[in-house]
Amino acid sequence: MEFGDKIKKLRKEKYLTQEKFANELNVSRQAVSNWENNRNLPDLEIIVLISEKFHISLDYLILGGPTMNKMTEKLINDGSETRKAKMNLTTTTVGSILLIIGFLCLFIKANSVEYIDSSGILHENFYLLPIGFLFLFAGIIVFLTVGIKYIIHILKNRTI
């Protein structure tokens with residue numbers, strides 16, 4: 001049974017109009033109508049509120065049976081999108097830190113003093129150049145990877 005059918009059945013069992021049902025949940029009557037006609041699905045907070053107010057298990061509302069309904073698919077997709085967004089944020093942060101460290105190494109190298117001591121030994125922090133370029137390269141690779149994944153994701157989800 002689809003989510004809309006469950007909501008309509010629940011509402012009629014409680015002898016509520018769409019207007020009264022909507023008032024109990026602090027939503028519009030149109031929202032209830034859209035849910036019942038499977039045009040739209042409520043947010044998770046509303047589903048929990050329905051479960052609490054009408055003493056129905058979340059399993060019944062969300063899963064409903066052995067087959068996956070639209071509500072279950074929506075929750076799975078929302079969770080997947082949230083994980084992807086968190087991963088992109090983390091990856092972008094790491095890439096930014098790598099770039100900052102790279103620029104910092106190059107800045108220190110550019111502003112450091114090189115000198116030859118009395119015994120003829122050159123004192124120079126040359127090692128900062130390859131380290132700085134390595135961090136810059138790693139940061140750019142991270143940003144390119146995230147960008148390419150994002151473009152591929154957009155192309156896959158684009159409707160023609």
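On a predicted model such as this, the values are computed, not experimentally measured, just so you know.
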Can you tell if the side chain of [X] reaches within under 4.5 Å of the side chain of [Y], non-hydrogen atoms only?
{"X": "Gln18", "Y": "Gln30", "answer": "no"}
{"X": "Glu13", "Y": "Phe54", "answer": "no"}
{"X": "Leu99", "Y": "Leu136", "answer": "yes"}
{"X": "Ile121", "Y": "Ile116", "answer": "no"}
{"X": "Phe135", "Y": "Leu104", "answer": "no"}
{"X": "Phe143", "Y": "Thr92", "answer": "yes"}
{"X": "Ile152", "Y": "Lys156", "answer": "yes"}
{"X": "Leu49", "Y": "Asn26", "answer": "no"}

If I take atom [atom1] from residue [X] and atom [atom2] from residue [Y], how far apart are they, to the nearest 0.5 angstrom?
{"X": "Ile7", "Y": "Asn34", "atom1": "CD1", "atom2": "CG", "answer": "12.5 Å"}
{"X": "Lys14", "Y": "Leu10", "atom1": "NZ", "atom2": "CG", "answer": "6.5 Å"}
{"X": "Leu98", "Y": "Ile141", "atom1": "CG", "atom2": "CD1", "answer": "11.0 Å"}
{"X": "Ile108", "Y": "Phe103", "atom1": "CD1", "atom2": "CZ", "answer": "14.0 Å"}
{"X": "Thr17", "Y": "Asn23", "atom1": "OG1", "atom2": "CG", "answer": "8.0 Å"}
{"X": "Leu25", "Y": "Glu45", "atom1": "CG", "atom2": "CD", "answer": "12.5 Å"}

Check your understanding: Using the ring of each side chain (for Trp, its six-membered ring), is Phe21 parallel, tilted or perpendicular to Trp35, with breaks at 30° and 60°?
Key ->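 It falls in the perpendicular class, over 60°.
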
Nearest heavy atoms of [X] and [Y], plus distance in Å:
{"X": "Val142", "Y": "Gly95", "answer": "CG1-CA, 3.7 Å"}
{"X": "His123", "Y": "Asp117", "answer": "NE2-OD2, 3.0 Å"}
{"X": "Ser57", "Y": "Ser51", "answer": "C-OG, 4.1 Å"}
{"X": "Gly132", "Y": "Cys105", "answer": "CA-CB, 3.6 Å"}

Review point. Can you check side chain to side chain contact (heavy atoms under 4.5 Å, CB included) on Glu114 and Lys109, steps first, answer last?
Key: CA-CA 9 Å; Glu114 301 164 355; Lys109 169 62 178 137; 2.5 Å; yes

[X] with [Y], same ILVMFWY side-chain cluster at under 4.5 Å:
{"X": "Ile97", "Y": "Ile131", "answer": "yes"}
{"X": "Val32", "Y": "Ile56", "answer": "yes"}
{"X": "Leu144", "Y": "Val94", "answer": "no"}
{"X": "Tyr127", "Y": "Leu106", "answer": "no"}

Tell me if a side-chain donor or acceptor on [X] pairs with a main-chain N or O of [Y] at a distance below 3.5 Å.
{"X": "Thr93", "Y": "Leu89", "value": "yes"}
{"X": "Arg11", "Y": "Leu16", "value": "yes"}
{"X": "Asn37", "Y": "Arg39", "value": "no"}
{"X": "Ser33", "Y": "Arg29", "value": "no"}

